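Below is one structure, written out as structure tokens; comments come after it.
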Number of protein chains: 2
Amino acid sequence: MKNKVTISDVAREANVSSQTVSRVINRKGEISDETRRLVLEVIQRLGYRPSSIARGLATNRTFTIGLVVPDIANPFFPEIARGIEDFAWERGYGVILCNTVEDPAREEAAIKSLEDKRVDGIIICSARLAQPTLCDLLQPHRAAVLINRTVPSQLAGVVRVDDAYGAGLAVNHLLAHHRREIGFIAGPASSQSGVLRAEGAQKAMAEAGLAIDSLRKTECKPTHAGGLAAARELIAGHPEINALLCYNDLVAIGALQACREMNLSVPQDVAIVGCDDTLLAGLVQPALTTVSVPKYEIGAAAAGMLFSRIAGEAGRDEIVYKPELIVRQSTPGCQ
Amino acid sequence: MKNKVTISDVAREANVSSQTVSRVINRKGEISDETRRLVLEVIQRLGYRPSSIARGLATNRTFTIGLVVPDIANPFFPEIARGIEDFAWERGYGVILCNTVEDPAREEAAIKSLEDKRVDGIIICSARLAQPTLCDLLQPHRAAVLINRTVPSQLAGVVRVDDAYGAGLAVNHLLAHHRREIGFIAGPASSQSGVLRAEGAQKAMAEAGLAIDSLRKTECKPTHAGGLAAARELIAGHPEINALLCYNDLVAIGALQACREMNLSVPQDVAIVGCDDTLLAGLVQPALTTVSVPKYEIGAAAAGMLFSRIAGEAGRDEIVYKPELIVRQSTPGCQ
DNA sequence: TTGAAAGCGTTACCAC
DNA sequence: GTGGTAACGCTTTCAA
């Protein structure tokens, strides 16, 4: 790598001041056509590319945002990331990606490291940190948006799915098909979505006049393996269970596998409902009934909200998407 | 967001020079325990966080690398990204993610924008740009590593899968089960992996004494929809086909669906082989025979190689992984 | 062991 | 229209 061409190299070569070059680059101020052409020609010839770093120092803007996700390998997040990245790209912004791997310490360190990098704003998906810690970490950021997690709107905008409503849809669907012995595999205890879904599910049960504890709850990692282990345990402890409501599709697929191992047929013996409607859901056998969520749109909306906040514009500071139940073969009532 | 605390704020508050503060932060030079403790205390109290931007300008190092992928929503890439991000994170590096969405112009712009951001190095997955363009774009970067694409080692290190070998494995498996009318759904024409797999497949055919053109080739987008369309067309044009070798698992799943539509049973009528062994492969019905590739390891290896290059260390400049054939239900010979 | 000054590459502000 | 100078927040180099 040869040494980078700087703005003064261009200025010298073009016999103008670096101010003039800067003006040409940034299309600011009046410049004679002739000078502009000359400068552009020199820029071209020297292959000059302005340093975002120097610019960032001078302007206090980096045109970079941070994205924090639990795990980009979890199929829920790549589409959200695409929605964010596409939106950001169109506006000349770059995206720094951080995985927390469900580790609160890493989540905290990631948010701080993004602060060090002076990103213009951050988007955090499914934050797992405790509320006070999260708020403290948000504070120093110029702008922030959370996905599926709530904080005071002064600290961050929120884009979320109405998880309680979605869980209600799923429970009502199961109850309509006479599945009353419902097990709930809730995912990580630190997931706000998991908590809200539990509440929504219990509310739906109560409205149907059923005792709340007829819904059995277990926690697990939000992975295939987590779902497998949790389903085994739940069914072993409650053999009467005839339906499982799962934290996400991955967990549901684990549950599917547990049922297969235990010779329980799905949906005849046990109905299974997933969440997120990832690509997987339509492809497994039996295809998964799932609570569908517009992932790409959520990402794009979060990015849009973040840019409003960066720009200091007043705008909505909460967007809530209503999920939809996609009925497939893993529950009764498909065809 | 209140104004950031700077190094001189700390210096003033601690009654030392900013040099001293800098030394404490960077653990450089000798400093009396007393001063160090004092400075650390003030840093803590003021909540000072050094600006990576200013640091980057002064040191010409940003502790950031760029990652360019065709599409993070394609399940092949998230695991690679995890491998890279984990490795980078441990060394204090951040990762800027760029999606090219299979658009060469965006790929080019992404590589340039990473140059502007003065990343310390870049990793490009499955670059689709023409060779001369790619080389020109690589040139200005301090360090670069390509995944599944080859350039002169002076320009970039290479981590790749032996695609030709993998395709050979698949073809031999099919031939061993008397499938000689093989169709090949090759993915994007600009994919070097696709080209190499075609060569490997044809070589395997030739070694079995079969005419090379008994392998019919079609291109497609590397998606579920792309595979569906390509398989429909290929089978319609060549009804004698009894096996399909697919660019990746997504394409193979599209092909699976095409067969279902055409009332062809898999694997009895048509055997299907995918590639990459993504999560999907084991979960669809019938489960997919696929050429398996160590995605996370590839990512980690690429990151490792990149850091060697950034550090200017001599090291391997090509790592080749041998893929493995995972036989499942979509081809004969499973149980 | 500590400090002063220069420099990194840009933009902002004020002259001309 | 254009240029000079300071400033952004840090590290590096040289002196003390």
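The sequence lines fix the lettering, A, B, ..., with proteins before strands; numbering per chain opens at 1. The analysis underlying the following values was restricted to heavy atoms, covering all of them including side chains, and did not include hydrogens, waters or symmetry mates. Small disclaimer: the values here were computed from a predicted structure and weren't measured.
With sequence neighbours excluded, the residues forming a side-chain contact (heavy atoms from CB on, under 4.5 Å) with B:Tyr296 are B:Glu79, B:Arg82, B:Asp86, listed by chain and number. By the side-chain hydrogen bond (donor to acceptor under 3.5 Å, both in side chains) test, A:Ser8 pairs with A:Thr6, sequence neighbours left out.
Nearer to the 5' terminus of DNA chain D, by closest-nucleotide assignment, is the contact made by A:Val16 (compared with the other of B:Val5 and A:Val16).
Here D:dC10 presents its P atom at 10 Å from CD1 of B:Ile43, a figure rounded to the nearest Å. To the nearest angstrom, C1' of D:dC10 lies 15 Å from NZ of A:Lys117. Taking atom CG of A:Asn60 as the reference point, atom P of D:dA6 lies 22 Å away to the nearest angstrom. As a whole-Å value, the separation of B:Ile53 CD1 from C:dT10 P is 14 Å. When rounded to the nearest whole Å, the span between CZ of A:Arg12 and P of D:dG3 equals 14 Å. For the pair A:Glu30 CD and D:dG3 C1', the interatomic distance rounds to 16 Å; values are reported in whole Å. Distance, A:Arg61 CZ to C:dA12 C1': 15 Å, rounded to whole Å. In this structure, the NZ atom of A:Lys4 is 23 Å from the P atom of C:dG7, given to the nearest Å.
Looking at heavy-atom distances under 4.0 Å, B:Leu57 makes contact with a base.
The side chain of A:Thr20 places an N or O atom within less than 4.0 Å of a non-bridging phosphate oxygen (OP1 or OP2) of D:dG3. The side chain of B:Ser17 places an N or O atom within less than 4.0 Å of a non-bridging phosphate oxygen (OP1 or OP2) of C:dG3. At C:dG9, none of the side-chain N or O atoms of A:Ser8 fall inside 4.0 Å of OP1 or OP2 (strictly under the cut-off).
Within the 4.5 Å cutoff, side-chain heavy atoms of A:Ile7 are placed close to those of A:Ser22.
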Please report, to 0.1 Å, the donor-acceptor pairs under 3.5 Å made by any side chain of residues 114-132 of chain A, with sequence neighbours excluded.
unit_1, atom_1, unit_2, atom_2, d
A:Glu115, OE2, B:Lys4, NZ, 3.0
A:Asp116, OD1, B:Arg49, NH1, 3.0
A:Asp116, OD2, B:Arg49, NH1, 3.0
A:Lys117, NZ, B:Phe63, O, 3.2
A:Lys117, NZ, B:Thr64, OG1, 3.4
A:Arg118, NH1, A:Glu115, O, 2.9
A:Arg118, NH2, B:Arg49, O, 2.9
A:Asp120, OD1, A:Thr62, N, 3.0
A:Asp120, OD1, A:Thr62, OG1, 3.3
A:Asp120, OD2, A:Arg61, NH1, 3.3
A:Asp120, OD2, A:Thr62, N, 3.3
A:Asp120, OD2, A:Phe63, N, 2.8
A:Asp120, OD2, A:Tyr93, OH, 3.3
A:Arg128, NE, A:Ser126, O, 3.4
A:Arg128, NH1, A:Glu102, OE1, 2.2
A:Arg128, NH1, A:Glu102, OE2, 3.0
A:Arg128, NH2, A:Tyr247, OH, 3.2
A:Gln131, OE1, A:Arg149, NE, 3.3
A:Gln131, OE1, A:Arg149, NH2, 2.7
A:Gln131, NE2, A:Thr150, O, 2.9

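The pair A:Arg37-A:Glu41 does not count as a salt bridge, with every side-chain nitrogen at least 4.0 angstrom from each carboxylate oxygen. Residues A:Arg23 and A:Glu30 are not paired through a salt bridge, judged by the lack of any N-O separation under 4.0 Å between the basic side chain and the carboxylate.
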(request) Encode nucleotides 11-16 of chain D as B, S and - characters from 5' to 3', where the letter depends on protein heavy atoms closer than 4.0 Å: B to the base, S only to sugar-phosphate, - to neither. (result) BB----
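Atoms CD1 and CD, on B:Ile96 and A:Glu85 in that order, are 10.5 Å from each other to the nearest 0.5 Å.
Contact between A:Ala143 and A:Ile310 at its shortest, heavy atoms only, is CB-CG1, 3.7 Å.
Among residues at least two apart or in separate chains, salt bridge (charged side-chain N to carboxylate O under 4.0 Å, His left out) pairs with a member in residues 297-319 of chain B are B:Arg160-B:Glu318.
Note on the helix from C:dT1-D:dA16 to C:dC16-D:dG1: angle between the axes of the first and last five pairs equals 40°, rounded to 10 degrees.
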